[in-house]
Amino acid sequence: MSRQKVLDLNTIDHAHADGASRAVLDKAKAQVGFIPNMYGNMANLPALLETYLYGYGLFREQGGFTPTEQEVVFLAISHENGCEYCVSAHSMLAAKQSNVPSHVIEALRNGDEVDDAKLSALDRFTRKMVESRGNASREDISAFLAAGYSEQQVLSLILAISVKTLSNYSNHLFNTEVDSVFADYAWPE
């Protein structure tokens, strides 16, 4: 996908940030150890980055999904939204931090069927929720539940989709450059 930056705002440099931008970037750096390009862009509206960090943390901590399942969700959403930055970043996180098998990561990046039945059901349902804008059918939900997930996890997916929509759409508008730490996982290849 070829995008161009469509906003005139510049990335907020942590070293020169002040006020609310500085505070939220300090929080972000404390959480991840560095300031990803995406965060520097989102800090143009500190409330945007603050909301993202808060919701992302809640999904990770209280969403009811394993680390592997969390990455399946984030990769499915980001793929559906066509976010090069987030597919790249979550591919690296999936491989290096969540121990997602490489063949699962590749299937998610390519929009192919995942060969694990439960992860495949999670991927399909997540994509269905994004594609239908939350208008899943009773049959879609029944298939998700039959795979071993809960109705609370349906609600958790709404949280994940909301959080990833914040980052995906911001990255589209800024045409965010993939950080060097994620470069080996750049998408599309």
Side-chain angles (χ1 to χ4, degrees), residues 1-3 36 38 42 48 51-176 178 182 185-189:
M1 210 168 290
S2 179
R3 295 196 195 283
M38 179 181 89
M42 293 173 85
L48 178 64
T51 300
Y52 174 80
L53 294 172
Y54 184 68
Y56 184 88
L58 288 174
F59 175 75
R60 289 282 196 193
E61 296 164 14
Q62 300 176 29
F65 292 105
T66 68
T68 294
E69 291 169 331
Q70 292 170 6
E71 293 307 334
V72 168
V73 168
F74 285 144
L75 282 165
I77 296 164
S78 297
H79 184 277
E80 285 301 296
N81 284 332
C83 184
E84 296 171 16
Y85 184 94
C86 286
V87 170
S88 302
H90 284 287
S91 294
M92 190 281 290
L93 293 171
K96 302 287 186 185
Q97 292 183 2
S98 299
N99 299 312
V100 179
S102 59
H103 68 280
V104 172
I105 297 169
E106 285 308 306
L108 294 164
R109 287 169 57 95
N110 295 329
D112 295 336
E113 186 75 21
V114 175
D115 68 359
D116 176 283
K118 188 171 184 183
L119 295 179
S120 181
L122 177 60
D123 175 47
R124 278 193 313 274
F125 186 69
T126 301
R127 290 176 192 268
K128 182 65 172 181
M129 287 289 288
V130 173
E131 172 209 272
S132 71
R133 295 177 182 89
N135 288 296
S137 69
R138 176 41 90 186
E139 292 78 24
D140 296 326
I141 291 173
S142 293
F144 182 68
L145 299 176
Y149 294 104
S150 69
E151 288 187 346
Q152 287 78 12
Q153 287 172 306
V154 172
L155 298 177
S156 183
L157 287 176
I158 295 170
L159 174 58
I161 292 165
S162 299
V163 166
K164 276 292 105 184
T165 299
L166 293 173
S167 63
N168 293 168
Y169 287 15
S170 296
N171 289 325
H172 295 337
L173 295 171
F174 280 98
N175 190 31
T176 306
V178 173
F182 308 131
Y185 297 87
W187 180 80
E189 300 170 305

Worksheet item: Cationic tip of Lys128 within the cone over Phe144's six-membered ring, i.e. under 6.0 Å and within 45° of the normal?
Response: no

Going by heavy atoms in the side chains, are [X] and [Y] under 4.5 Å from each other?
X      : Y      : value
His79  : Phe74  : no
Thr68  : Leu119 : yes
Thr176 : Ser170 : no
Gln153 : Phe125 : no
Val163 : Tyr56  : yes
Val87  : Leu75  : yes
Trp187 : Val178 : no
His172 : Tyr85  : no

Discussion item. What I want to find out is whether Glu113 reaches Arg124 closely enough, with some N-O distance under 4.0 Å, to be called a salt bridge.
Written reply: yes

Worksheet item: Going by an N to O cut-off under 4.0 Å, is there a salt bridge joining Arg109 and Glu71?
Response: no

If every non-hydrogen atom of [X] is compared with every non-hydrogen atom of [Y], which pair is closest and at what distance?
X      : Y      : value
Ala95  : Tyr185 : CB-OH, 3.7 Å
Leu108 : Arg127 : O-NH2, 3.1 Å
Glu69  : Tyr149 : OE2-OH, 2.9 Å
Val100 : Ile105 : O-CD1, 3.5 Å
Ser167 : Cys86  : OG-SG, 3.5 Å
Ala136 : Met129 : CB-SD, 3.7 Å

Practice prompt. Take Val73 and Ile77 through the side-chain contact (heavy atoms from CB on, under 4.5 Å) test and state the conclusion after the steps.
Written response: CA-CA 6 Å; Val73 168; Ile77 296 164; 3.6 Å; yes

Rounded to the nearest 0.5 Å, what separation is found between the [atom1] atom of [X] and the [atom2] atom of [Y]?
X      : Y      : atom1 : atom2 : answer
Leu157 : Phe59  : CG    : CZ    : 6.5 Å
Glu84  : Asn175 : CD    : CG    : 7.0 Å
Asp112 : Asp123 : CG    : CG    : 9.5 Å
Leu53  : Leu58  : CG    : CG    : 11.0 Å
Cys83  : Arg3   : SG    : CZ    : 7.5 Å
Thr165 : Arg133 : OG1   : CZ    : 10.5 Å

Practice prompt. Verify, without hydrogens or angle tests, whether Glu80 (side chain) and Val130 (backbone) share a donor-acceptor contact under 3.5 angstrom.
Written response: no

Worksheet item: Just by distance, do the side chain of Asn81 and the backbone of Ser78 share a donor-acceptor pair under 3.5 Å?
Response: no

Worksheet item: Can Tyr52 and Lys164 be counted as having a side-chain donor-acceptor contact under 3.5 angstrom?
Response: yes

Worksheet item: When you check the side-chain N and O atoms of Asp140 and Ser137, is any donor under 3.5 Å from an acceptor?
Response: yes

Worksheet item: Around atom NZ of Lys96, are there more than 12 heavy atoms of other residues, nucleotides or ligands at under 6.0 Å?
Response: no

